[in-house]
Asks: 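Once you've had a glance at the structure underneath, I'll fire off some questions.
In each ligand, atom 1 is the first atom listed, and ligand 1 is the first ligand listed. Heavy atoms only: backbone and side chains are in, while hydrogens, waters and symmetry mates are out.
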Amino acid sequence: MFIAYAPSGYILAKKLFRTGWPVSLRGALVISVIGALAPDFDLLYFYLVDQRQTHHHRYFSHWPVLWFGLILLFYAIRRLCGNEKLRAWAFGGVLFSAAGFLHLILDSMAGDIWWFAPFVDKPYALFTVPARFSPWWLNFFLHPSFLAEIAIWIWAIRIYRRKD
Ligand SMILES: [Zn+2]
């Protein structure tokens with residue numbers, strides 16, 4: 001997935017948002033969109049430090065156990081903590097982590113995700129994109145799975161236009 005992370009985070013927050021949340025709709029959208037982009041922040045490490053030696057989906061930042069664990073951790077803080085301010089932050093943490101987890105689901109459509117890392121060293125992908133074109137990213141843009149990215153954008157734009 002390339003271009004649909006931000007709109008996926010937007011859709012997530014818009015669809016889940018309820019009045020009475022400890023964050024405003026605007027705050028929820030910011031948290032969710034940043035969370036949906038967050039796993040790919042590891043590209044900085046990939047390009048600047050690792051010199052593209054390791055597939056960045058192998059980094060712990062793309063491990064589902066991390067994002068699912070964060071959801072559980074923030075949820076536990078939200079449920080068990082008495083401090084109202086901390087509970088509101090934990091709520092934002094749940095939303096952020098859920099958007100990060102959504103990123104991995106979308107990544108797994110046409111790219112390898114090590115769903116059981118670090119316990120099982122095996123990647124899973126719904127579709128395999130064959131390397132036919134150069135540069136490499138053209139393979140993804142010309143693959144039918146890219147239609148899903150366009151569909152997510154159209155969905156997000158429709159939600160935005162309806163203002164609901
Ligand atoms: Zn990713």
Asks: Decide, counting backbone as well as side-chain atoms, whether H56 has an N, O or S atom less than 2.8 Å from the Zn ion (ligand 1).
Replies: no
Asks: Indicate the ring-plane relationship of H143 and F127, choosing parallel, tilted or perpendicular according to the 30° and 60° boundaries.
Replies: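 Ring orientation, 0 to 90° scale: tilted.
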Asks: Would you name the N/O/S atom of D107 that lies closest to the Zn ion (ligand 1)?
Replies: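 The D107 atom nearest to the Zn ion (ligand 1), restricting to N, O or S, is OD2.
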Asks: With side-chain contact (heavy atoms from CB on, under 4.5 Å) as the criterion, how do F17 and L29 come out once you've worked through the C-alpha distance, each side chain's angles and the decisive distance to 0.1 Å?
Replies: CA-CA 9 Å; F17 185 78; L29 289 171; over 6 Å; no
Asks: Need the atom name: nearest N/O/S atom of D40 to the Zn ion (ligand 1).
Replies: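 Atom name of the closest N, O or S in D40: OD1.
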Asks: For H55 and W114, take the angle between the two ring planes, folded into 0 to 90°, and tell me which bin it lands in: parallel under 30, tilted 30 to 60, perpendicular over 60.
Replies: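 Perpendicular.
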Asks: Could you tell me whether any N, O or S atom belonging to H103 is less than 2.8 Å from the Zn ion (ligand 1)?
Replies: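 Of the N, O and S atoms in H103, at least one lies under 2.8 Å from the Zn ion (ligand 1), which means yes.
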Asks: Applying the 4.5 Å side-chain criterion to the ILVMFWY set and letting contacts propagate, would M109 and L138 be lumped into a single cluster?
Replies: no
